[in-house]
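To start, the structure under review is shown below, and the notes come after it.
Bear in mind the structure is a predicted one, so any value in this text is a computation, not a measurement. Counting from 1, the numbers follow the sequence of the chain as shown. Just follow the structure's listing: the first ligand is 1, and inside any ligand the first atom is 1. Atom set for the values below is all heavy atoms of this structure, side chains included, hydrogens, waters and symmetry mates excluded.
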Amino acid sequence: MPTFSLTAINLGGFQIGESDKVISMFSAERGLVRAVAKGAKKPGTKMAGKSEALCANKLLIAKGRSLDIITQAESIETFRKVRTDLKRLTFCLYYAELTAAFGEGLEEESEVYYHVLLNSLRMQEALISDARQLSLEFSMFLLKQLGVSPELTVCVRCRQPLTEYNIAAFYSETGGIGCNRCGQDSRSKSIVSEVSVKGQYSSDFRKKRDEDVEHYEERGTFVTPLVWKMLVNADVASDDLIDPSTDLKARRRPDYSEAQAPALDAAHRLVQRYLEDRAGKKMRTLDLLKQL
Ligand SMILES: [Zn+2]
């Protein structure tokens, strides 16, 4: 049987037969792959530990007729500490969910993506910064790799430079932030807005928005200057993720304050929805955090 080697991170898997598991992985060499881990469902076996989601392994794989089979696995990283922190673990599993959803579009850059994913998981494990902040950066990196970075510096409609005084809403379908002038002009063109950050706007603004709603078509999400800045910062910081150095401390970011947490949450949700629109499906992993 022909064999080949892979360096891969496990994204998830399901049981087949009594003791085997089919694992989906993202590999540096081939992007998304699936292979059978024999005996992975037998407790206490070496393969059981190595086949867990998020584990990174060096693998030797035998080409099978329908499914390839893992014949050797050497552990690179198990992320044991992440597994004791439910919040961090949930964000790491969110990275895996995103990778499974978008992996097919990442084949050409699979080596770069593999290393960024591995380092991003390490950054979560090392508590380098707030889990959500890191996740926002990782999301921005993913969007860049997919070639669908949202427009954050000029109005997505009229190309006027955006500032904290003229930003208005994020338009997921159009792919970026629109200025307030376009938001008003759009009454004739029918564009819609939906408030996601409650209580951030004056009542006049809110009243005006409510009057306009029936004329609108595309659903946008209002963004505050702080949410916008967080998006821009995360976009810039995401460039660093490509740096292959494993000196994680050098990647520490200034933490946002408690008071800024709702804006960070809003920025993260906005980008998650943007990703979901691109994927054409909901991401479910982070729903778990709402139940905590
Ligand atoms: Zn504009």
Legend entry - Exam field: side chain Asp130 to backbone Arg132, donor-acceptor pair closer than 3.5 Å: yes
Legend entry - Check ion pair Asp277-Arg273 (N to O, under 4.0 angstrom): no
Legend entry - Environment of the Zn ion (ligand 1) in terms of protein N/O/S atoms, cut-off under 2.8 Å: Cys155 SG, Cys158 SG, Cys179 SG, Cys182 SG
Inset, instruction - List in chain and number order the residues that pass side-chain contact (heavy atoms from CB on, under 4.5 Å) with Ser238, two or more places apart in sequence or in another chain; answer none if no residue qualifies. - result: Met140, Phe141, Lys144, Asp235, Leu241
Legend entry - ring-ring contact (aromatic ring centres under 6.0 Å, His included) pairs, two or more places apart, involving residues 31-57: none
Legend entry - Any pair counted as side-chain hydrogen bond (donor to acceptor under 3.5 Å, both in side chains), so long as it reaches residues 65-77, sequence neighbours left out: Lys63-Asp68, Glu77-Arg122
Legend entry - Residues Arg284, Glu97: salt bridge by 4.0 Å N-O rule: no
